[in-house]
Amino acid sequence: MISEKLNNQITQIGPQTPAGEVLRRYWQPAALVDEMQGSASKLAVNLMGERLVLLRNDAGGFVLTQRVASPDEAPAHFPDPESIEIVDGGPVYPVVEKKGIFFAYMGPGEAPEFPNFDCFRAPDSHVFAFKGLWECNWLQALEVGIDPAHASFLHRFLQDEDPADSYGKQFRDKAANLDMPMTQVLREYPRPDIEVEETDFGLKITALRHMANDLTHVRVTNQIFPQAICIPMSREMIITQWHVPVDDQNCYWYTMFTSFSKPVDKDVMREQRLKEHRLPDYAPLKNRRNNYHYNPDEQNTLTYTGMGLDINVHDQWAVEGLGPIQDRTREHLGRGDAAIVRYRLMLRKAIKAVESKKEAALPMRGDVDVSRIVGPLSNDAIATTKDWEAASWQADMQRRSECPWDASV
Amino acid sequence: MNARDDAELGDALEPGAPDTWIRAANSADLEIPRPVIPVTLFGQRLVLFRDDEGELGLIGRHCPHRGADLCFGRREDNGLRCPFHGWHFDRNGQCVEQPAEPADSTMYKTIKLPSYPVVEKDGAILTYMGKGEPPRDVVVPAQPAASATR
């Protein structure tokens, strides 16, 4: 439980808010490159409580500036590009394009360099980007991503699919080197030991599921400061996902799916996701207003939620159900929430650093050479219990050594 | 867990709850394959359900862990289970299991949702939200006191 004052401090992101000022010290995903079709020169962007427009300039580059907006427009409003009016004299934010996403820097001073994470380092052929709207505050969206225990419940499948049909789907692959679907591991071992370690990019979160026959399943996921996660999706792919505020009560997830060995099948990935979303705002078709297509019979026999097989919908239900801004004065965190507690401490420390003008103390800012920040390692492995640490490292090294692009760490 | 903590697990009870039995729903409302419905009474967001023994529970709607909506809970093991992390609640709102927490954890014993007494009479489901003990004579009010909307 935290106080209302602290909850406001760590959730609100408008200009001049404490957390908003921290987030503005980092590049923020602003739009998908897919959204700026053909020769279009303007695209509405709703980001960090500001009503903006992405502009293509004469040199073929991009900037983000303010657009005229009416106070009653929807949070994720996308006016026709022709009707967008630019605010004269508004701020102009720099924009760069990275692997299918336009990133904007909305903070003061020089924008930082990009770290050498796998998603930025892999060739374009090996990275696919998509996004989706969630109607809730960004922090509760992030917190479900740094909570390794929820996958054993919220994403529980009461029957296992053939892992051969798992392409592009989370948790449907075989678990590491065992001939056991990941869904079965999660279901049968629901009480992970969770270890959280501070790193130069954020947090390394290790979930250990001790299995029969002295085996341990090791799942390594990461929090990348301030609002991204990096997690394994399958043996072939990892997910890097930002939870980006539209305003205080809405956010987009932006995901880069990064493949180690084979190029990503972008057509399959895009089609799988477009059929669950509407354009142009990338709002999910299953949502609060239609009870996420909740089906009690399915909840009895197939999935834990009764909301279909797409785990994104499960997460969306969980985080939107907490309210537009989760009331953390009523929460009761347990030992399974260790990474959430640790992350909030990091965010509060960063808020203090910005307020006391010690910005060099922020993760990946100051004199840090971020080009040396690589990985992070995100994977599933199974090993005899005493060897889990080495086995987890080894599994990642093998994948990296067999990869056609330079994934060395 | 003391009374003050209990109150913090749910929405604040708005003033105005009478010292009489009030109608929370009709029995017919629960004559559905999965008898679990949301009920809002005097500002409290609640969930009304029938457990495996056929008994009724009227308990806080949001899981005390992080706040997930128990109207989508799994009706199993004679109670309601939160789909987020499996916390399990009985018809009195008592948390009886936290299956993601370490096996030696006894935290669940300290977690209880607000709950209200429920009786069923003449096709009505009645509850008491007033001060002290509910009246022994159960009188069915003519009008429902609540709207049951999700």
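Residue numbers begin at 1 in each chain, while the letters A, B, ... track the order of the sequences.
Minimum heavy-atom separation, A:L333 to B:M107: O-CE, 3.5 Å. The shortest heavy-atom contact between A:Y294 and B:G73 is OH-O, 4.3 Å. Nearest heavy-atom pair across B:A100 and A:A149 is CB-CB, 3.9 Å. The minimum heavy-atom distance linking A:W317 with B:D69 is given by the pair CZ2-O, 3.4 Å.
Rounded to the nearest 0.5 angstrom, B:R81 CZ and A:Y304 OH are separated by 5.0 Å. Rounded to the nearest 0.5 Å, atoms CG (A:D147) and NE2 (B:H85) are 3.5 Å apart. Here NE2 of B:H62 is found 8.5 Å from CG of A:L322. Values are rounded to the nearest 0.5 Å. Taking NE2 of A:H332 as the reference point, atom SG of B:C63 lies at 10.0 Å (rounded to 0.5 Å). Atoms CZ and CZ, on B:R66 and A:R328 in that order, are 8.5 Å from each other to the nearest 0.5 Å. Residue B:H65 holds its NE2 atom at 3.5 Å from CG of A:D337, rounded to the nearest 0.5 Å.
Taking chain B as the reference chain and counting heavy-atom pairs below 4.5 Å, the highest number among A:G323, A:S152, A:G306, A:A318 is found for A:A318. Ranked by heavy-atom pairs under 4.5 Å with chain B, the first of A:R156, A:Q299, A:E320 is A:Q299. By number of non-hydrogen pairs under 4.5 angstrom with chain B, the leading residue of A:Q326, A:H314, A:Q140 is A:Q326. Of the listed residues (A:Y189, A:Y292, A:F153), the greatest number of heavy-atom pairs within a distance under 4.5 Å of chain B belongs to A:F153. With chain B as partner, the option from A:G336, A:P296, A:G334 having the largest number of non-hydrogen pairs under 4.5 angstrom is A:G334.
Within the 4.5 angstrom heavy-atom criterion, only side-chain atoms of B:E76, from C-beta onward, approach chain A. Heavy-atom distances place the side chain of A:I340, and not its backbone, under 4.5 Å from chain B. There is no contact between A:V319 and chain B, counting heavy-atom distances below 4.5 Å.
Counted within 6.0 Å of CZ on A:R348, heavy atoms from surrounding residues, nucleotides or ligands total 12 or fewer; the atom is thus considered open. Heavy atoms of other residues, nucleotides or ligands lying less than 6.0 angstrom from NZ of A:K286 number more than 12. No more than 12 heavy atoms of other residues, nucleotides or ligands lie within 6.0 Å of CG in A:N213, so this atom counts as exposed by the packing criterion. By the 6.0 Å contact criterion, CG on A:D214 is enclosed, its count of non-hydrogen atoms from other residues, nucleotides or ligands being greater than 12.
At least one donor-acceptor pair closer than 3.5 Å links the side chain of A:R191 to the backbone N or O of B:E101.
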